[in-house]
Amino acid sequence: MYLRKLTIENIRVLKRLELTFPEPAAGWHVIIGDNGAGKSTLIRAISLGLIGPTEVRAAHPDFSEWLRKGEEAAKVTLDLVRDPKLDRAKNNSRAHHLTAQVLIETHNPLRRLGGEGAPVVEVLPGTHARLDPSQGPWSSQLGWFSVGFGSYRRLTGGDEETNKVYHSSPRCGAHLSVFGENVAFSEALNWLQELDYRIVKARQMKLRQEAHPLNLRNTEAAAENPADDVLQEVKQLWEISVGGKTKCYTRQNKMLANRPA
């Protein structure tokens, strides 16, 4: 999945911003601006469009602070290019381009009932005619990978409650630090450990299935201790952050780096 065009309307300092990324869409794109110019707002808007209006609620953003002063509605529109080799779509759709649009609108239901209640800011999916993002980046389909991180890149010391988001709303978890300063990268370790455990467990199961049925010694050993290798690799993952040092391991548990965190 690649971002081809971005349009932002009435979000914080950005009244209207339209960016078109040159072809090929893949590659590095650097955005430079003074403090307060809207760089963080730009990244948050992109993350909002990629996560979608449902899962983004897991980050508990205050969308009333997103609206530009004096405005009651805002919009983020992303024009995405699908990689047909990696990004799957429901119903075997062959659509190449996709528009993900999110609306931020102010409502006051109490006023309609004669009350004076404070306005409520809601985030809603926009309308568009192309491939629905619920069949793409807003779905659980394979491919459609995106991740983002904010300007406050803490390694440790974040809010432990945010750790739950990585499991309950994984798409939001991949962008979580974009929306708050209380998020640390170390909070993703449990999620990464579980993901790696599943991969290794699946690999171990595949090896068992491929074992020759006549090799009784190997099959019996695998049946007695099928998870020994898995547990060993998980133990190595738990040592990623030990004694103030960061360690990175390959699948063969060879240390690639050992540097101060």
Intermediate values then yes/no, side chain to side chain contact (heavy atoms under 4.5 Å, CB included), Glu71 and Lys15 = CA-CA 10 Å; Glu71 302 291 344; Lys15 182 173 180 61; 3.8 Å; yes
task = Just do the side chain to side chain contact (heavy atoms under 4.5 Å, CB included) check on Trp138 and Val102 with the steps written out, would you?
result = CA-CA 11 Å; Trp138 297 357; Val102 178; 3.8 Å; yes
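Looking only at distances, a side-chain donor or acceptor of Arg82 sits under 3.5 Å from a matching main-chain atom of Asp87. Between the side chain of Ser47 and the main chain of Ile43, a donor-acceptor pair closer than 3.5 Å is present.
Taking all atoms of both residues into account, the shortest heavy-atom contact from Phe179 to Leu48 is CZ-N, 4.2 Å. When all heavy atoms of Trp144 and Met1 are compared, the closest pair comes out as CE3-SD, 3.6 Å. Between Ala45 and Ile11 the shortest heavy-atom distance is CB-CD1, 4.5 Å. What you find for Val178 and Gly148 is that their closest heavy atoms are CG2-C, 3.6 Å.
We find the CG-NE2 distance between Leu176 and His60 to be 9.5 Å, quoted to the nearest 0.5 Å. For the atom pair Arg12 CZ and Arg44 CZ, the distance stands at 6.5 Å (nearest 0.5 Å).
With sequence neighbours excluded, no residue satisfies side-chain hydrogen bond (donor to acceptor under 3.5 Å, both in side chains) with Asp34. In this structure, the salt bridge (Lys or Arg N to Asp or Glu O under 4.0 Å) partners of Lys5, at least two apart in sequence or on a different chain, are Glu18. Partners of Thr41 according to the side-chain hydrogen bond (donor to acceptor under 3.5 Å, both in side chains) rule, which considers only residues two or more places apart in sequence or in another chain, do not exist here.
Applying the ring pair (Phe, Tyr, Trp, His ring centres under 6.0 Å) test to pairs two or more places apart or on separate chains, those with a residue in residues 26-56 are Phe21-His29.
Under the 4.5 Å side-chain contact rule for hydrophobic residues, Val76 and Val81 do not share a cluster. Put simply, Leu19 and Ile8 are part of the same group of oily side chains (I, L, V, M, F, W, Y) that touch within less than 4.5 Å, one to the next. Residues Ile46 and Leu17 fall within the same hydrophobic cluster, defined by Ile, Leu, Val, Met, Phe, Trp and Tyr side chains chained together at heavy-atom separations under 4.5 Å. Residue Val147 is not grouped with residue Ile31 when hydrophobic side chains (ILVMFWY) are merged at heavy-atom distances under 4.5 angstrom, including chains of intermediate members.
Atom CD of Glu72 has 12 or fewer neighbouring heavy atoms from other residues, nucleotides or ligands inside a 6.0 Å radius.
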Report, one line per pair, each donor and acceptor closer than 3.5 Å where one atom sits in a side chain of residues 51-58; sequence neighbours left out.
from	atom 1	to	atom 2	distance (Å)
Glu55	OE1	Arg171	N	3.3
Glu55	OE1	Cys172	N	3.3
Glu55	OE2	Arg171	NH2	3.1
Arg57	NH1	Pro53	O	3.1
Arg57	NH2	Val123	O	3.2

Please tabulate, one pair per line, all N/O donor-acceptor pairs under 3.5 Å involving side-chain atoms of residues 61-68, not counting sequence neighbours.
from	atom 1	to	atom 2	distance (Å)
Asp62	OD1	Ser64	N	3.2
Asp62	OD1	Ser64	OG	2.5
Asp62	OD2	Ser64	OG	3.3
Arg68	NH1	Val13	O	3.1

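A heavy-atom distance below 4.5 Å is not found between the side chains of Leu78 and Pro137. Put simply, the side chain of Val121 does not reach to within 4.5 Å of the side chain of Glu105, judged on heavy atoms. Contact check for Leu80 versus Leu50: side-chain heavy atoms found under the 4.5 Å cut-off.
Applying the side chain to side chain donor-acceptor pair (under 3.5 Å) test between Gln101 and each of Thr77, Asp79, Thr7 identifies Thr77 as the sole match.
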